[in-house]
There are 2 protein chains.
Amino acid sequence: MSSSIPGYEELLDRLKQVLRRNGLKHTVQRELILRVIYDCDEHFSPEELHQKVQHRFPDTRVGIATIYRTLSLLESEKMVTSVSFGVNGKKYEFGMKHHHDHMICDHCGLMIEFVDNTIETRQSAIAQEHRFEITGHIMQIHGVCHDCQQKD
Amino acid sequence: MSSSIPGYEELLDRLKQVLRRNGLKHTVQRELILRVIYDCDEHFSPEELHQKVQHRFPDTRVGIATIYRTLSLLESEKMVTSVSFGVNGKKYEFGMKHHHDHMICDHCGLMIEFVDNTIETRQSAIAQEHRFEITGHIMQIHGVCHDCQQKD
DNA sequence: GTCAGTGCAAAAGTTTTGCATACAG
DNA sequence: CTGTATGCAAAACTTTTGCACTGAC
């Protein structure tokens with residue numbers, strides 16, 4: 001098993017590689033942002049990420065514009081993924097964990113991650129039927145979690 | 001089969017019912033907006049909806065604020081659903097068609113709608129395992145459509 | 001030294017709010 | 001009449017851009 005979640009060093013190498021390949025430069029800001037994203041378990045908005053970075057590395061100024069620019073870069077390289085949670089707007093997550101889907105409680109925001117092989121398999125089959133070359137998918141089950149059901 | 005897509009009249013009744021139930025008022029604007037949404041096959045942003053409404057009913061002024069307010073109302077009543085398409089931002093769709101999922105081409109934006117019973121069933125099972133009361137789900141397969149594959 | 005990257009601030013875009021007026025019930 | 005709904009404009013947010021300066025290579 002274990003489709004191996006990369007360690008930070010591995011990830012950093014990958015970033016360097018991407019940068020070199022595109023004639024871009026390795027900067028402190030890009031590295032710090034990657035570091036924070038890597039350590040971030042929850043989903044985050046660009047604004048939240050900005051605050052985390054500033055809080056953790058107060059000695060380096062990182063502008064919100066750089067956050068947006070870096071997120072775009074990382075997203076195009078599939079190192080982060082963006083997910084939309086209805087009313088809460090667009091959020092990002094570290095994109096190289098083991099693949100998983102989300103179950104979201106619309107009352108309290110609780111998020112359960114899960115993987116289901118039957119679903120994954122069907123998806124490939126459907127894509128194939130339509131001669132569609134699949135690059136990824138988003139699957140969210142929305143509802144009310146057990147705790148919130150009690151409270152009603 | 002046919003889980004019966006409601007006709008416009010039915011839908012309008014439902015709206016009136018919702019309004020009455022919440023002590024809200026039946027207004028021309030709300031009706032026109034519903035009308036346009038009902039006839040709209042594609043997904044739309046609030047701004048696009050606004051333009052469609054103005055274009056189709058030039059005699060009634062409908063402000064963008066009313067569009068947003070009405071979309072919120074309809075969304076909370078599950079009469080429209082919002083879907084997020086990554087880079088394209090938040091879009092809405094008429095929420096009472098027969099349920100379907102989306103397959104989206106990231107090159108040309110082509111959207112194929114589909115339903116798969118195996119997936120639907122597994123979803124319910126997963127929700128049950130977590131004592132989760134399911135209210136809906138979002139499932140999008142992203143990739144490259146057949147046409148776009150040719151073009152590369 | 002060169003050229004991409006950065007912070008900052010301004011601009012552009014999106015969504016929400018306040019308020020006086022209109023109008024449904 | 002009463003109180004919700006509306007349009008408009010202002011405000012609040014979110015995201016992108018322009019520019020002069022910095023710093024990686």
Side-chain angles (χ1 to χ4, degrees), chain A residues 12-13 15-36 43-55 57-77 80 82-92, chain B residues 12-13 15-36 43-55 57-77 80 82-92:
Chain A
L12 188 55
D13 279 350
L15 176 62
K16 286 177 182 167
Q17 198 180 317
V18 164
L19 295 175
R20 217 170 301 127
R21 170 155 40 84
N22 296 76
L24 305 175
K25 292 173 182 171
H26 178 215
T27 65
V28 198
Q29 285 84 348
R30 283 173 174 162
E31 187 167 333
L32 296 187
I33 291 172
L34 184 67
R35 177 79 243 185
V36 171
H43 298 73
F44 50 86
S45 64
E47 184 50 38
E48 284 162 359
L49 178 57
H50 186 214
Q51 284 171 12
K52 278 175 202 282
V53 172
Q54 289 199 311
H55 181 260
F57 302 103
D59 298 340
T60 313
R61 290 241 97 260
V62 177
I64 186 72
T66 298
I67 298 284
Y68 277 100
R69 290 186 278 233
T70 305
L71 278 174
S72 293
L73 172 66
L74 294 177
E75 188 171 15
S76 72
E77 292 295 332
V80 302
S82 64
V83 201
S84 173
F85 295 95
V87 78
N88 309 303
K90 194 174 184 179
K91 299 227 170 177
Y92 289 83
Chain B
L12 188 54
D13 280 349
L15 176 62
K16 286 178 182 164
Q17 196 180 319
V18 164
L19 295 175
R20 219 171 302 125
R21 171 154 37 87
N22 295 76
L24 304 175
K25 292 173 179 173
H26 179 213
T27 65
V28 199
Q29 286 84 347
R30 283 173 175 162
E31 187 166 335
L32 296 187
I33 291 171
L34 185 67
R35 178 79 245 184
V36 172
H43 296 74
F44 51 86
S45 63
E47 183 50 39
E48 284 161 1
L49 178 58
H50 186 214
Q51 285 172 14
K52 277 174 202 281
V53 172
Q54 289 199 309
H55 181 260
F57 303 104
D59 298 340
T60 312
R61 291 242 96 261
V62 178
I64 185 74
T66 298
I67 297 283
Y68 277 100
R69 289 186 277 233
T70 305
L71 278 175
S72 293
L73 172 66
L74 295 177
E75 188 172 15
S76 71
E77 293 295 332
V80 301
S82 63
V83 202
S84 173
F85 295 96
V87 77
N88 310 302
K90 195 173 183 179
K91 298 228 169 176
Y92 289 84

Going from [atom1] on [X] to [atom2] on [Y], what distance comes out if it is rounded to the nearest 0.5 angstrom?
| X | Y | atom1 | atom2 | answer |
| --- | --- | --- | --- | --- |
| A:Glu48 | A:Lys52 | CD | NZ | 7.0 Å |
| B:Leu32 | B:Gln54 | CG | CD | 11.5 Å |
| A:Asp13 | A:Arg20 | CG | CZ | 8.5 Å |
| B:Leu73 | B:Leu15 | CG | CG | 7.0 Å |

Distance check needed: [N] [atom2] versus [X] [atom1], whole Å only.
| X | N | atom1 | atom2 | result |
| --- | --- | --- | --- | --- |
| B:Arg20 | D:dA5 | CZ | P | 15 Å |
| A:Phe44 | D:dT14 | CZ | P | 16 Å |
| B:Gln54 | D:dG7 | CD | C1' | 11 Å |
| B:Ile67 | D:dC8 | CD1 | P | 12 Å |
| A:Leu49 | D:dT14 | CG | P | 14 Å |
| B:Arg61 | D:dA5 | CZ | C1' | 16 Å |
| B:Leu71 | D:dT6 | CG | C1' | 16 Å |
| A:Glu48 | D:dT14 | CD | C1' | 13 Å |

Minimal heavy-atom distance between B:Leu34 and B:Leu12, with the atoms involved, is CD2-CA, 4.0 Å

Report task. Describe the nucleic acid contact of B:Arg30 in one word from base, sugar-phosphate, nothing, applying a heavy-atom distance below 4.0 Å. Result -> sugar-phosphate

Residue pairs passing the side-chain hydrogen bond (donor to acceptor under 3.5 Å, both in side chains) test with at least one member in residues 22-35 of chain B, sequence neighbours excluded, are B:His26-B:Glu31, B:Arg35-B:Asp39

Closest to the 5' end of DNA chain D, once B:Gly63 and B:Lys25 are matched to their nearest nucleotides, is B:Lys25

Note: for B:Gly23 and B:Val62 on DNA chain D, the residue whose nearest nucleotide lies more 5' is B:Gly23

Outer limits of DNA chain C sitting under 4.0 Å from a non-hydrogen atom of chain A, read 5' to 3', are C:dC3 to C:dC8

Assert: residue with more 5' nearest nucleotide on DNA chain C, out of B:Ala65 and B:Val28, is B:Ala65

I want to check one thing: is the phosphate of D:dG7, taken as OP1 and OP2, less than 4.0 Å away from some side-chain N or O of B:Gln29?
yes

Can you tell me if B:Thr27 touches the phosphate of D:dT6, counting only side-chain N or O atoms and a distance under 4.0 Å to OP1 or OP2? yes

Side-chain atoms of A:Arg69 come closest, of D:dG18, D:dA5, D:dG7, to D:dG18

Checking A:Val53, A:Val62, A:Ile67 against A:Val36 for side chain to side chain contact (heavy atoms under 4.5 Å, CB included), the one that qualifies is A:Val53

